[in-house]
There are 2 protein chains.
Amino acid sequence: MALRYALLGLLAKNEATGYELTQQFKETVIHFWTAHHTQIYRELLKMEEEGLTQSKTVQQNDYPDKKIYAITDKGFEQLLEWMLNKPVNAPKLKDDLLLRVSMFHFIPTDKAINFLETSKNHHKMGLEMTKQWSDDHFPNGTYKENELGEYLTIEFALRYMESWLSWCNWAIKELKKKGELEK
Amino acid sequence: MALRYALLGLLAKNEATGYELTQQFKETVIHFWTAHHTQIYRELLKMEEEGLTQSKTVQQNDYPDKKIYAITDKGFEQLLEWMLNKPVNAPKLKDDLLLRVSMFHFIPTDKAINFLETSKNHHKMGLEMTKQWSDDHFPNGTYKENELGEYLTIEFALRYMESWLSWCNWAIKELKKKGELEK
DNA sequence: CCGGGCATGTAAGGTGTTACATGATTTC
DNA sequence: GAAATCATGTAACACCTTACATGCCCGG
């Protein structure tokens, strides 16, 4: 059900196509919620059936036709009802890399270090890009009224990645310490 | 497929029942992978069929019978094959609270602060419990050979929760600042 | 006497992933 | 000449969640 509210939240700010919503997911929502485009399109169809959104199809000459979705009053009501009155579920993480880390005692120390170095680079790039995005959208820490949510969650994402990197450096040090002892 | 490897990883350390594996998930794995007991039982059945585990049933007088699973050589081979040669998937987070935070501009500031205060308490308790667990299992930062993975991932969990708390305090301050301006 | 722990599971439904399909235009 | 972008979706399958079921023991 939560994907639905994520989409309604975005549509409450601006009408958009499924494609645009997918892009927005990749830019900002991905830091706390993941979804594929196939899932987004499916959910948009269901919401339209239930009267939470309304769409208009726009013909284009050079590109495929597009379908612009807008939230309805009923949709916004249900969004607020969920936000204010539904229980907050516990967060769920699925981290493939950490799962491997939890079994590092089964593999050679140098391979373990390798995994962490690769992951460190990914997170470094992610941090750089998110920082850039944040600077572009909130110059000097200023934000518009309807950007409060984004402003708060992007800061979360930045801190999360920084904390990841610092943990990663610590873990690499621990493994190198262990590697030295093995020689 | 990853749940399977999480279970094999635990079984490679100690044979265990589905129930015990569920407990272990709640204690340590939950910091980077979530699974319900129903999923765990089903996966154990499938793995047995494929010869990755072997089980023996133990009769008990006061409690229900239990089924103790052990990893097979084939199971351990496949675990290593996955660890070393399969691509590492991107991490996936689903955080209901952050999803709401991303829409805080739709609700009154005091309600938003309330959400954060509640969540802060949850994370505080989680941090306390995890700290306790960590101190019990790794006194003075010492760990046994086959505990390396747990040692590294528990440190991750501690840092994650600390970073969460510090973000939460920052966000509450931002909201209070905003609340003042609105008066 | 009620709730929680012990211990296992089935069944139904909801959510997520992967592969495929279309087809023009722009960029390397 | 190949790949990416725009834009939408279907179908099949894999995975996850929720509700239900059993039944005894122990502590408050």
Side-chain angles (χ1 to χ4, degrees), chain A residues 1-7 15-27 29-30 32-50 53 55-69 82 86-96 99, chain B residues 1-7 15-27 29-30 32-50 53 55-69 82 86-96 99:
Chain A
M1 274 296 94
L3 171 61
R4 147 166 316 197
Y5 300 111
L7 293 170
E15 50 175 35
T17 65
Y19 188 85
E20 286 163 347
L21 289 166
T22 305
Q23 301 314 108
Q24 288 176 52
F25 253 75
K26 283 183 194 158
E27 264 189 354
V29 183
I30 200 168
F32 50 86
W33 208 273
T34 49
H36 288 236
H37 72 113
T38 50
Q39 240 181 307
I40 292 173
Y41 283 113
R42 217 196 338 185
E43 195 64 38
L44 286 170
L45 283 177
K46 267 202 277 173
M47 289 199 287
E48 183 108 55
E49 277 171 29
E50 295 176 35
T53 58
S55 70
K56 51 186 178 199
T57 302
V58 176
Q59 243 88 29
Q60 297 187 121
N61 20 0
D62 289 352
Y63 295 108
D65 296 354
K66 62 181 176 182
K67 214 161 145 190
I68 300 171
Y69 288 87
W82 167 78
K86 296 293 170 188
V88 178
N89 291 318
K92 275 157 222 161
L93 178 62
K94 304 248 159 149
D95 193 314
D96 214 350
L99 181 52
Chain B
M1 274 297 93
L3 171 61
R4 148 167 317 197
Y5 300 111
L7 293 171
E15 50 175 35
T17 65
Y19 189 84
E20 286 163 348
L21 290 166
T22 305
Q23 303 312 109
Q24 287 175 53
F25 253 75
K26 284 183 193 158
E27 263 188 356
V29 183
I30 200 168
F32 50 87
W33 207 272
T34 50
H36 288 247
H37 72 114
T38 51
Q39 239 181 307
I40 292 173
Y41 283 112
R42 214 158 7 103
E43 195 63 40
L44 286 170
L45 284 176
K46 268 201 278 173
M47 288 199 287
E48 182 108 55
E49 276 171 31
E50 295 177 37
T53 59
S55 69
K56 53 185 176 198
T57 303
V58 176
Q59 243 88 29
Q60 297 188 122
N61 21 0
D62 290 352
Y63 295 109
D65 296 352
K66 60 182 177 181
K67 215 162 144 189
I68 300 172
Y69 287 88
W82 168 77
K86 297 293 170 190
V88 178
N89 291 318
K92 275 154 222 163
L93 178 62
K94 305 250 157 145
D95 194 314
D96 213 350
L99 181 52

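Letters go in sequence order (proteins before strands), and every chain restarts at 1.
Contact record, B/Gly18 with B/Ile40: O-CG2, 4.2 Å, taken as the closest heavy-atom pair.
Between A/Ala2 and B/Lys66, the one whose closest nucleotide on DNA chain C sits nearer the 5' end is B/Lys66. Along DNA chain D, the nucleotide nearest to B/His37 and the one nearest to B/Glu43 differ in position, and the one closer to the 5' end is contacted by B/Glu43. Along DNA chain D, the nucleotide closest to A/Asn89 and the one closest to B/Lys46 are compared, and the more 5′ of them pairs with B/Lys46. Map B/Lys92 and B/Lys67 each onto its nearest nucleotide of DNA chain C; the residue landing nearer the 5' end is B/Lys67.
Atoms OH (B/Tyr5) and C1' (D/dA14) sit 14 Å apart, rounded to a whole Å. In this structure, the CD atom of B/Glu20 is 10 Å from the P atom of C/dC6, given to the nearest Å. In this structure, the CD1 atom of A/Ile40 is 14 Å from the P atom of C/dT15, given to the nearest Å. Following rounding to the nearest Å, B/Gln23 (CD) and C/dG4 (C1') show an atom-to-atom distance of 12 Å. Between A/Phe25 atom CZ and C/dT17 atom P the separation is 12 Å, expressed in whole Å. Rounded to whole Å, atom C1' of D/dA14 lies 17 Å from atom CG of B/Leu45. Distance CZ (B/Arg42) to C1' (C/dG13): 12 Å, rounded to an integer number of Å. Rounded to a whole Å, the CD1 atom of B/Ile68 is 9 Å from the P atom of C/dT8.
Nucleic acid contact class of A/Thr17 (heavy atoms, under 4.0 Å, all strands): sugar-phosphate only.
A salt bridge links B/Arg4 with B/Glu50: the distance from a Lys NZ or Arg NE/NH1/NH2 to an Asp or Glu carboxylate oxygen falls below 4.0 Å.
Looking at the side chain of A/Tyr19, the nearest of the listed nucleotides C/dT8, C/dT15, D/dA7 is D/dA7. Of the listed nucleotides (D/dG9, D/dC15, D/dC16), D/dC15 has the atom at the smallest distance from the side chain of B/Met1.
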Next item on the list: Could you walk me through whether B/Leu7 and B/Gln39 pass the side-chain contact (heavy atoms from CB on, under 4.5 Å) test, one step at a time?
Entry: CA-CA 11 Å; B/Leu7 293 171; B/Gln39 239 181 307; over 6 Å; no
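Residue B/Tyr41 places at least one side-chain N or O closer than 4.0 Å to OP1 or OP2 of C/dT8. Put simply, B/Lys94 has no side-chain N or O that comes within less than 4.0 Å of OP1 or OP2 on D/dC16. Not one side-chain nitrogen or oxygen of B/His36 sits closer than 4.0 Å to the OP1 or OP2 atom of D/dC16.
For the atom pair B/Glu15 CD and B/Lys56 NZ, the distance stands at 4.0 Å (nearest 0.5 Å).
Residue A/Thr53 is tested with A/Lys46, A/Met47, A/Glu43 for a side-chain contact (heavy atoms from CB on, under 4.5 Å); the sole match is A/Met47.
In terms of polar N and O atoms assigned as donor or acceptor, the side chain of A/Thr38 comes within less than 3.5 Å of the base of C/dT18 in a complementary pairing.
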